[in-house]
Number of protein chains: 2
Amino acid sequence: MKYSGQTRVHVAVDCIIFGFDGENFKLLLIKRGFEPEMHRWSLMEGFIQPDESLGAGAQRVLKQLTGLEGVYLEQIPAFGEPNRDPMERTISVPYFALVDIQKYEAQLSFDYQAEWFLLSETPNLIFDHNAMVKMAKTRLRYKAAFHPILFELLPDKFTLQQLHTLYEKLYENTFDKGNFTRKVLSTGLLVRLKEKDKEHSRKGAFYFKLDREKYHNNFEAFLNFIPSLDKVIG
Amino acid sequence: MKYSGQTRVHVAVDCIIFGFDGENFKLLLIKRGFEPEMHRWSLMEGFIQPDESLGAGAQRVLKQLTGLEGVYLEQIPAFGEPNRDPMERTISVPYFALVDIQKYEAQLSFDYQAEWFLLSETPNLIFDHNAMVKMAKTRLRYKAAFHPILFELLPDKFTLQQLHTLYEKLYENTFDKGNFTRKVLSTGLLVRLKEKDKEHSRKGAFYFKLDREKYHNNFEAFLNFIPSLDKVIG
DNA sequence: TCAAAAGTGTTTGGGCTACACCCATGG
DNA sequence: CCATGGGTGTAGCCCAAACACTTTTGA
């Protein structure tokens, strides 16, 4: 027996892929390779396969484009307006991804004509992808205000200065350097390395890496790197 | 032209319907009326119709059961394991609903053999509905810690005592009465009525109602009725 | 007049902000 | 020896938690 008479629809996953180049937030987009809207800028997406969960689909699609596995992915609310895809009804479950932009560049796939755009200079996208990007950004801001997920955007070793810039860019705000440093270090999530970055200053700034164990244990914990939340989010 | 060769699947919306009877959290469940798993306890659900958005589907399904419109609904992450529904592949987009239990009782529909269960005594549900309930509860706790959504569960006029109990039950914790009152009133979201509830005390407690305008303007604002968040959520 | 709940006041301490200051080093 | 960014110290303020206290009224 089946659910006879009930309509079936396509289900897709879309990836909103964020990166940080040390200076600015970026978004990885592709040139759509099939109709409708062929050759226009689009999020990387794919249809859910018969024996695949949503999360697995998102991982697959992301890997297809970037070659990366084990990337941070988080589902955001589904988009299901009846005519969002003019070809055929398709419900999309979007995921935002946080990738270390350097790792990606190492294994770039040319198949999709992918390009990193400054988040602030995102081109006009197909369907409702603009709205998806906007929602993903809102969610990222929200989540990152409470949880330490932004480390996913940085290389394995990084300076406090990089982390500081990352937060300032995301929230389009300035945060006191001293207070920021103290808050971050007080979490105990970071381990100071012996090596210093000497490129950006005479004195040199220590590199840090994540204490992976503490990081995973505190993933759901509430941190507070951001002052005056209500002014900064929304 | 169509997306030929791509599989189509059923998409359903599920409603996790929360209520509060003044003393405890409750969950509205139905006896499933069709195969598979007929006659077992289930969330209220329905398949998405051809010209219906996800949100509209959730509203429709909720109205079908309760007769209520304009209820607070919030989408939570979709469930898409390939075999979550043994009959045919179905991806479910769950919504949690906050209803004033009194309004509902006025227009109960007997068609679904619906019953309110204590949240703490939820029976075993079909498919992955147990997981949905769990996720909805987690989300509700999270959201309510920052945003003033719990008023949706109360009648139009209510006492601070009721509100206080509501928060204590949701977080399975006690909160200092004085501090709680001060925090709530300091938001300016409540208007004190002249009438008092004389049933629960000799002195009588003032009824309050929402200042609807301020409420809607502050819906996304960050409040903080809950002390020591990290101990209480998670 | 007493019990019981409503509602108000007051002290205290921790933590956050703002800002000043020292440190290290290459030129 | 100075400019530059890295990093630390600290005073003050605000706010929340804890808890004591007053108010009201039915029995």
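Lettering follows sequence order; numbering is per chain, from 1. Here the structure is a predicted model, which is why all the values come from computation and not from measurement.
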task = Provide, to the nearest angstrom, the distance between the CG atom belonging to B:L160 and the C1' atom belonging to C:dA5.
result = 13 Å
key: Between B:E74 and B:Y72: side-chain donor-acceptor atoms closer than 3.5 Å   = yes
inquiry  = Suppose we call a contact any N or O donor and acceptor under 3.5 Å apart; does that hold for the side chain of B:K198 and the base of D:dG26?
reply    = no
request  = Using only heavy-atom distances, decide whether a donor-acceptor pair under 3.5 angstrom links the side-chain of A:N179 to the base of C:dA18.
outcome  = yes
request  = Can you check whether any acceptor in the base of C:dA24 is under 3.5 Å from a donor in the side chain of A:K203, or vice versa?
outcome  = no
inquiry  = Go nucleotide by nucleotide along DNA chain D from the 5' end; which of B:N224 and B:D176 gets its closest nucleotide reached first?
reply    = B:N224
Atom-to-atom span, NZ of A:K177 to C1' of C:dC23 - whole angstrom = 11 Å
query = Counting only distance, no hydrogens or angles, is the base of D:dG7 paired donor-acceptor with the side chain of A:R182 under 3.5 Å?
reply = no
request  = For the pair A:K103 and A:E152, find out whether any cationic side-chain nitrogen is under 4.0 Å from an anionic carboxylate oxygen.
outcome  = no
ask   = When you measure from the side chain of A:H147 to the backbone N and O of A:N218, does any donor-acceptor pair fall under 3.5 Å?
value = no
note = Quick note, B:R202 side chain, CB onward, closest among D:dA27, C:dT25, D:dG6 is D:dA27
inquiry  = Whole angstroms only, please: what is the CG-C1' distance between A:L190 and D:dG7?
reply    = 15 Å
inquiry  = Tell me whether B:E121 is salt-bridged to B:K26, with the criterion being a basic N under 4.0 Å from an acidic carboxylate O.
reply    = no
query = Starting at CG of B:N173 and ending at C1' of D:dA17, how long is that distance when rounded to a whole Å?
reply = 14 Å
request  = Take atom NE2 of B:H164 and atom P of C:dT8, then tell me their distance rounded to the nearest Å.
outcome  = 15 Å
ask   = Which is true for A:K183 with a 4.0 Å heavy-atom rule: it touches a base, it touches only sugar-phosphate, or it touches nothing?
value = sugar-phosphate
query = For the pair made of CZ in A:F180 and C1' in D:dT8, what is the distance, rounded to whole Å?
reply = 17 Å
ask   = Under a 4.0 Å N-O cut-off, is there an ion pair linking B:K31 with B:E115?
value = no
request  = Please tell me which of A:K196 and B:G204 maps to the more 5' nucleotide of DNA chain D, matching each residue to the nucleotide holding its nearest heavy atom.
outcome  = A:K196
message = Starting the side chain at C-beta, find the nucleotide from C:dA18, D:dG7, D:dA18 nearest to A:F206.
response = D:dG7
ask   = Taking CZ from A:F175 and C1' from C:dC19, how many angstroms apart are they, rounded to a whole number?
value = 18 Å
key: Rounded distance (Å) that lies between atom P of D:dG7 and atom CD of A:Q162   = 12 Å
